[in-house]
K.L.:
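Let me give you the structure first, and then I'll get to my questions.
Naming: A, B, ... by sequence-line order, numbering from 1 per chain.
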Amino acid sequence: MPANSLEQVRNLCMRRGFVFPGSAVYGGVASFWDYGPLGVELLNNIKKAWWQDTIYTRNDMEGLDAAVLMSRKVWQHSGHEATFSDPLVDCKACRSRFRADDLVGAWIGKVRQEDVRRADTWLRHFQAHERVCAAMPEPLRTAGVQIMQEIQAAHEIWWPLGRLFLKFKDAGDEAAARKMVDDEDARRANQRMKSAQEAHKQFIEQNATAFEFACFKAKEIECPKCGSKEFTEPRNFNLMFQSHVGPVAADKGTDEEKAARVYLRPETAQGIFMNFAHVQRAMARKIPFGVAQIGKAFRNEITPGNFIFRTREFEQMEIEFFIKPPQFVKEGEKNDQQWHEEWVEQRFNWWLRYATSPSATLEDRDATAARFRARAQTPDELAHYAKATTDIEYLFPGSLGWGEIEGVANRTDFDLTAHSNDIPEEDLKRLKLEPNKDSTVKLDYFDPDAKARYIPWVIEPSAGATRAMLTFLCEAYHDEVVTEPTKQQIDQIKSDAAMIRKNAEKKIKEAQKEIAAGREAKHDPAKVEAFLNVLDETVARLPASLTELLTALDHEGAQNLEPVKKFRPPTEKLVEDCTRTVLRLHPALAPVKLAVFPLKKNKPELVELAQAIKERFQRHFRVVYDDSAGIGRLYRRQDEIGTPFCITVDFESLEDGTVTVRERDSMEQERVKIDDLPSYLLPRLQGE
RNA sequence: GCGGGUGUAGCUCAGUGGUAGAGCAUCACGUUGCCAACGUGAUGGUCGUGGGUUCGAGUCCCAUCACCCGCUCCA
């Protein structure tokens with residue numbers, strides 16, 4: 001069984017040097033992770049497997065590595081800048097989309113259109129603003145509420161005077177009005193009102209974004225279409241990280257600033273489109289052909305999380321495969337839809353191949369295959385550039401569930417057309433594009449076969465390299481029982497579990513009493529009961545369920561139960577003694593391919609030979625030498641990081657030149673001549 | 001963004017206002033003939049951070065940061 005929680009994988013990653021939290025010395029920065037010694041090996045191996053399988057073993061592919069920073073114009077014409085630069089809200093009732101700042105601006109101005117001479121209008125207005133301020137985060141909340149209370153207090157004093165003043169003025173009684181203006185109390189009240197209003201205005205201006213957000217949170221805004229007050233939160237879709245080329249002193253938004261602005265790519269694809277003509281000419285390629293690229297991409301995600309699944313800096317493995325537009329496809333040639341299907345199949349099989357270890361049984365393979373699926377996106381999920389997209393998804397453990405690991409999109413001729421000058425009117429209409437006055441070229445292609453010039457269509461298989469790492473880790477992770485606990489040990493667990501139940505049932509009764517008396521209870525009876533059921537069920541299935549015991553103890557309802565705390569350490573010890581953690585990684589992906597041990601570390605001749613074997617292989621792949629523990633522990637350590645083979649040098653080795661080769665998944669050992677090691681290991685490391 | 005939880009040694013955690021602990025890991029020496037061996041000793045913590053209450057705070061209060069879970073969201 002693969003990992004049953006992301007937590008297990010996360011722990012292993014941090015403990016064994018796959019992944020570390022970024023900027024940890026300063027408390028960390030959410031969503032950024034560093035890849036440690038084993039992580040960089042695994043990630044490199046994944047990228048290598050992808051590069052070899054998509055470029056070397058095909059006849060229609062080329063590689064590329066474009067710059068991360070690209071001209072702002074790339075992202076203007078690709079549609080990325082315009083589509084995702086404003087704070088947007090969706091009405092949950094009628095699904096209309098609005099700019100959040102427009103709605104809030106209209107709402108603030110609304111009172112001016114109403115009868116400004118009515119006291120209750122103003123009061124309602126101030127109270128509404130106070131509710132909005134109350135929905136703001138601290139310290140804005142306190143400051144805002146204070147300002148709104150002051151304005152209400154000032155209004156209460158000022159309003160009767162103001163109304164009197166207006167009354168005189170309306171009646172044409174200038175003398176009385178003037179007398180009021182000169183009156184000391186009235187002036188003071190007026191002054192207080194004015195400064196309160198000023199403070200209010202400034203507060204909103206200075207905290208525009210937070211205020212905007214709070215308006216929706218406080219449910220003060222109405223949908224202009226349907227009147228509902230239920231909106232999604234304002235999302236500022238400015239997903240791209242910005243920087244500037246050269247020193248820029250200008251303020252944001254000025255022409256000077258914009259001219260120097262560059263974006264960190266949110267996808268590697270545009271770098272390929274920029275180089276379509278270069279690659280085609282330089283390599284004398286005919287359509288169909290593809291360009292592959294591996295590289296970092298950056299998205300300022302609104303909600304990052306789930307370990308390395310969604311991060312703001314990540315790595316993509318992308319292919320843009322250029323094909324004939326439908327109107328030029330001849331009888332017997334693949335059209336865009338068929339190319340799309342073929343790539344989905346190709347890529348799906350790639351995932352399955354590397355998700356399984358060669359030692360996997362048919363049942364294992366079926367179980368693995370069941371955790372992958374290809375799912376066609378529904379029309380409302382499709383990105384602005386795509387005609388169709390099929391997501392390849394993996395069933396991650398725990399709450400993450402099905403997650404996208406690759407998208408295979410049919411981008412039509414959208415991108416190459418968008419980056420071309422002189423776009424014909426019908427294409428502008430068809431692709432909903434604006435004319436491109438910035439581009440210097442037309443990204444078309446003369447097809448000698450069709451004897452026509454056209455802009456190719458594109459199929460884009462785009463996989464996440466960092467997500468691939470998480471996928472393969474989750475799939476490879478196994479806690480295995482290797483030594484059955486004794487009957488005595490099982491009986492001990494059973495009696496401990498019975499004791500836990502007895503104690504917990506007492507706690508449930510106590511809690512029920514507290515709840516009946518209207519007091520807060522220390523335990524939630526339902527949760528404790530649920531925990532007891534899980535525990536009993538797990539204990540009943542011993543010894544097969546041994547590794548599940550610890551998961552059961554992590555149950556919500558197990559918290560604050562004393563006997564559970566006592567039960568945990570010996571149980572942990574027992575589970576650890578009886579199980580091994582093994583990463584059944586495909587050998588091509590394993591960060592360390594081979595480990596060499598001397599059977600005894602205090603025999604120099606064994607150490608010497610073991611180190612010599614290590615040195616013999618270290619030019620070809622990652623191999624480690626270790627003698628810092630007993631042989632059993634050394635094997636376990638390597639299992640945990642997925643090392644496919646371990647070699648042990650013993651006294652027999654000195655005599656007949658053979659060593660013990662121990663295979664990771666089966667733990668079986670074989671005697672192999674040192675000279676035969678290359679021919680023994682090589683095919684096995686390639687997964688044959 | 002909201003709600004709940006967690007934060008103590010490299011890791012897993014105990015510590016219920018009164019001298020900071022255990023197991024594992026690491027290092028040294030010895031022992032050890034193949035699946036998480038053992039003995040002896042050593043290293044290692046301003047208890048996430050910043051305030052406050054107190055004679056005294058890992059423990060109580062407030063704030064803040066990070067992570068986890070659940071919603072919400074997601075090119």
K.L.:
My understanding is that only residues two or more places apart in sequence, or in another chain, count here; which of them pass ring-ring contact (aromatic ring centres under 6.0 Å, His included) with A:F321?
P.N.:
A:W339, A:W343
K.L.:
Got a sec? Which of residues 643-659 of chain A come in under 4.0 Å of RNA chain B, heavy atoms?
P.N.:
A:T648, A:D650, A:F651
K.L.:
Can you check each nucleotide of nucleotides 37-42 of chain B against protein heavy atoms at under 4.0 Å and return B for base, S for sugar-phosphate only, - for none, in 5' to 3' order?
P.N.:
S-----
K.L.:
Over how many whole Å does the gap from A:F309 atom CZ to B:C67 atom P extend?
P.N.:
17 Å
K.L.:
Expressed as a whole number of angstroms, how long is the span from A:F597:CZ to B:C34:P?
P.N.:
15 Å
K.L.:
Each nucleotide N or O in nucleotides 8-10 of chain B that has a protein N or O under 3.5 Å away: list the pair and distance.
P.N.:
none

K.L.:
Please list, chain by chain and in numerical order, all residues satisfying salt bridge (Lys or Arg N to Asp or Glu O under 4.0 Å) with A:R141, sequence neighbours excluded.
P.N.:
A:E138
K.L.:
Checking A:F414 now: which residues fulfil ring-ring contact (aromatic ring centres under 6.0 Å, His included) with it, not counting sequence neighbours?
P.N.:
A:H384
K.L.:
Please identify each residue that fulfils ring-ring contact (aromatic ring centres under 6.0 Å, His included) with A:F298, with sequence neighbours left out.
P.N.:
none
K.L.:
Going by the rule salt bridge (Lys or Arg N to Asp or Glu O under 4.0 Å), which residues pair with A:E393 if we only count those two or more places apart in sequence or in a different chain?
P.N.:
A:R373, A:R375
K.L.:
Report all side-chain donor-acceptor pairs from residues 598-605 of chain A shorter than 3.5 Å, counting only partners two or more places apart or in another chain.
P.N.:
none

K.L.:
Would you check, one step at a time, whether the test side chain to side chain donor-acceptor pair (under 3.5 Å) holds for A:R664 with A:T643?
P.N.:
CA-CA 7 Å; A:R664 178 193 68 201; A:T643 306; over 6 Å; no
K.L.:
My understanding is that only residues two or more places apart in sequence, or in another chain, count here; which of them pass salt bridge (Lys or Arg N to Asp or Glu O under 4.0 Å) with A:R580?
P.N.:
A:E480, A:D639
K.L.:
Collect all protein-nucleotide pairs involving nucleotides 12-15 of chain B in which both atoms are nitrogen or oxygen and the distance is under 3.5 Å.
P.N.:
residue: B:G15; atom: OP1; partner: A:K565; partner atom: NZ; Å: 3.4

K.L.:
Is it true that A:E640 and A:R15 have a side-chain N and a carboxylate O under 4.0 angstrom from each other?
P.N.:
yes
K.L.:
Listed by chain and number, what are the ring-ring contact (aromatic ring centres under 6.0 Å, His included) partners of A:F211, not counting sequence neighbours?
P.N.:
A:H129
K.L.:
Assign A:P266 to base, sugar-phosphate, or nothing according to its heavy-atom contacts below 4.0 angstrom with the strands shown.
P.N.:
base
